[in-house]
Amino acid sequence: MEIDYRKELNKSQYEAVTTTEGPVLILAGAGTGKTRCMVYRVAYLIEKGVSPNNILLLTFTNKAANEMKQRAADMLDERCSQITACTYHSFCAKMLRKYSQLIGIQSDYTIIDPGDCADIISIIEAEHGIDKVKDFPRSSQLVSAHSKALNTNQSLEDALFDMLGKWKYMKIERFIPDIKKILADYQSYKKQNNMMDYDDLLINFISVLKRNPSVKNKLADIYQYIMIDEYQDSNYLQEKIIFMLREKNRNLAVVGDDYQCIYGFRGSMVENIINFPQKMSGCKVVYLTQNYRSNQEIMDLSNIVMKKHSLEGFFKKLVATHVANIQPLLVRSEDEGEEASYILNKIMALHDEEEIPYHEICVLERSSYHSVRLEALLNKMKIPYDKYGGMKFFDYDHIKNFLCFLRCQINSHDEIAWFRLLKLFDGIGNVYARNIAATCKTLGLEGLVQHKYIKRKFQPDLENLKSFIEKLNDQDFQIELQSIKSFYSRLMDITLMLMKTSEKKRRELARANKQAVRDFDTLIEMADGYDSPVTFLEEIMLEASPQKEEEEDRMVISTIHSAKGLEFHSVFVMNCVDTMFPSTDKDQIGTVEDNEELRCFYVAITRAKERLFLMAPKYIAKFGCVEEGIISHFISDVFQVKE
DNA sequence: ATGCGTTACGTTTTT
DNA sequence: CGTAACGCAT
């Protein structure tokens, strides 16, 4: 099928799509057809005769990558789905499965998530005997400071300072040498145990490229055309990778919008996109400013807010295609309860009277707990919704524990997985678990029967566990998952029985257990199509959400961070009051944090196509107390307040 | 050393 | 209001 690019794209989009040689920066404001450009670009390259094998498309989530591949394939043909399209992390993971031996790492390494990292740090702290020192930062804090330092090329001290603030940093400053020692041990622990955290995927791939020019050249030759989505959110390490692959051939298209850089806390650097033209000589810059998404009223609001408050970046004034004669609304409800019921009623009105399908309605929130009241109402009224952001499926303890059964089966020396599993048994707490896990680290399964607490009452349980895991090895993957489900749920029942707590708590726990078992079924469904735990675990670690069934018409509740790239007929933005959204207040105007909040606000309002409701309760609950809700300083001077 | 009950304390966002 | 660190009794 022939595609008429000139007809289907506007002038700047056409330029963005057809500039295939050399570096190009595509500055695409919200709703200006960024994704469309990427999809057409893939099709264009392939139609021009470029082999799919030579195209690399890096996106922010693997979901986005798959969608773009699919759209290009639907438009042109199946060849489009043969391109390499994934996140930086998945790409590095794939490359390391091939090349990690070159830097002395086995290729069957395990990917660990920040929770596992924190567990490792705790174990190391215990070895050093500093697990009970007062004021010592929590292991999860050390993990994120360490990660931030690496991703931003900062010193550990600076990263900790940024994270904790001056006051708290002073309290922990004296621990810096200890922290550095722990982190050094942490690095060697991972190496010894054949593990990589998210940052290692990037860092180790960089060292492969650095130490092996032949590999670098080979990959540069394979991936002749590289495209990167959401470039404003790339960080120091990610840019480094791309620049290394682009030393010779410079066919690199980066797409993004500096106004939408909202991952600074994770090391994203707006400077990467802002300075891209300077860094890549001969770079062409294409501006996309024609907005196809929102009505002019919504565009006016976003233009005015950015003009008033934005401190840096390329100023872009976006133009809409149509006027709606409906203004965005600022809703001043009494409190958060009324905010929730206002949203609920409006949703029902939109759906029932204006016939807006649920999936065209979205509630956005700065933080994922803001919607608890609303969710209760939606459940009560049986309005179906999906929730994006916040706690993810694979972050839940029962899911992680479930996966630890698999991990122990695959690698019976996986200390971290043993540590988690052992704590499930009655009578085993942190200390016993740590020590027995350490034994398993060296002895594997035998560790369960050769540790130093062999006479304790939990020993029969451990022997049971041992034979259970041994049996797993002979089973088909699906059957294996079923066995784990029944083993683990029985374990949960027994633990509940042995507990001596109030009837209230007991009922609560029983309900949680039931939910857990339902989640296991979801997990088992997700594993359908995989025939081994190894590949399943890898995919899971890098894209942590179960795919939902498409049929039902469901509305969306999402954090703003997880709503990137999405659009809806009607959008509600919750809690537009200082300290909630933005999380900063008037006193912080001019700080980097405040500016990131502004960009976050920009992302939020530009998700709306037609209707936009900015919610601002007059009173908000804080730590159980009530506080006045002060209208977000980004909009207080823009809106006349409607009561 | 564990596990329960008490108090203090603090709020993001995620590959 | 909910969670996490702390202290006391097993």
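- A cation-pi arrangement is present between A/Arg97 and A/Tyr109 under the rule of less than 6.0 angstrom and at most 45 degrees off the ring axis.
- Atom CD of A/Glu596 is separated from atom C1' of B/dT13 by 8 Å (rounded to the nearest Å).
- Between A/Glu336 and A/Arg373 a salt bridge is recorded (basic side-chain N to carboxylate O distance below 4.0 Å).
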| field | Nucleotide pairing, DNA chain C (Watson-Crick or G-U, distances under 3.5 Å), in dot-bracket with [ ] and | | value | .|||||||||
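- A cation-pi arrangement is not found for A/Lys387 relative to A/Phe393, the charged atom failing to lie both closer than 6.0 Å to the ring centre and inside a 45° cone about the ring normal.
- A/Phe581 comes within 4.0 angstrom of no nucleic acid atom, judged by non-hydrogen atoms across all strands.
- Comparing A/Ile262 and A/Gly429 against DNA chain B, the residue whose closest nucleotide sits nearer the 5' end is A/Gly429.
- Distances from the side chain of A/Thr61 to the nucleotides B/dG3, B/dT11, B/dT15 place B/dT15 closest.
- Across the protein-nucleic acid pair, A/Asp426 atom CG and B/dA1 atom P stand 18 Å apart, rounded to whole Å.
- Residues A/Leu160 and A/Glu173 form no side-chain contact, since every pair of their non-hydrogen atoms from C-beta on lies 4.5 Å or further apart.
- For the residue pair A/Ser302/A/Thr606, the side-chain donor-acceptor check at 3.5 Å is not satisfied.
- Counting any heavy atom pair closer than 4.0 Å across all strands shown, A/Thr579 reaches no nucleic acid atom.
- Atom pair A/Met196:CE and B/dT15:C1' shows a separation of 16 Å (rounding to whole Å applied).
- Taking every side-chain heavy atom of A/His561 into account, B/dT14 is the closest of B/dT12, B/dT15, B/dT14.
- Between A/Ser562 and B/dT14, a side-chain N or O to OP1/OP2 separation shorter than 4.0 Å is present.
- Under a cutoff of 6.0 Å and an axis angle of 45°, A/Lys148 and A/Phe265 do not form a cation-pi pair.
- There is a side-chain donor-acceptor pair under 3.5 Å between A/Ser234 and A/Asn272.
- Distance from the side chain of A/Glu597 is smallest to B/dT12 among B/dT15, B/dT14, B/dT12.
- In this structure, A/Tyr432 reaches the sugar-phosphate backbone alone: every heavy-atom distance under 4.0 Å involves primed, P, OP1 or OP2 atoms, never a base.
- If you take OH of A/Tyr369 and P of B/dT11, they are 10 Å apart, rounded to a whole angstrom.
- Residue A/Glu230 contributes atom CD, which lies 13 Å from atom C1' of B/dT14 at whole-angstrom precision.
- Shown here, B/dT12 forms no base pair; nothing in the strands shown gives a Watson-Crick or G-U wobble contact with both key distances under 3.5 Å.
- Contacts of A/Ser90 with the nucleic acid, taken as non-hydrogen atoms under 4.0 Å apart, are absent.
- For the pair A/Asp113 CG and B/dT15 P, the computed distance is 12 Å after rounding to whole Å.
- Side-chain nitrogen and oxygen atoms of A/Thr559 include at least one within less than 4.0 Å of the OP1 or OP2 phosphate oxygen of B/dT14.
- Residue A/Pro114 has its side chain nearest to B/dT15 when only B/dG3, B/dT15, B/dT12 are considered.
- Judged by a 6.0 Å distance limit and a 45° cone about the ring axis, A/Lys423 is positioned over the six-membered ring of A/Phe419.
- Residue A/Val431 places its side chain closer to B/dA1 than to any other of B/dT13, B/dA1, B/dT12.
- The side chain of A/Arg366 approaches B/dT13 more closely than any other nucleotide in the set B/dG3, B/dT13, B/dT11.
- Straight-line distance from the OH atom of A/Tyr263 to the P atom of B/dT15: 6 Å, rounded to whole Å.
- Side-chain contact check for A/Leu614 versus A/Phe601: some heavy-atom pair is nearer than 4.5 Å.
- No engagement by A/Gly264 is indicated, since no non-hydrogen atom pair under 4.0 Å with the nucleic acid exists.
- Nearest to the side chain of A/Ser367, among B/dG10, B/dT13, B/dG3, sits B/dT13.
- Under the stacking criterion of a centre-to-centre distance below 5.5 angstrom and an interplanar angle below 30°, A/Phe623 is not stacked against the six-membered ring of C/dC1.
- In this entry the distance linking NE2 of A/His146 with P of B/dT15 reads 19 Å, nearest Å.
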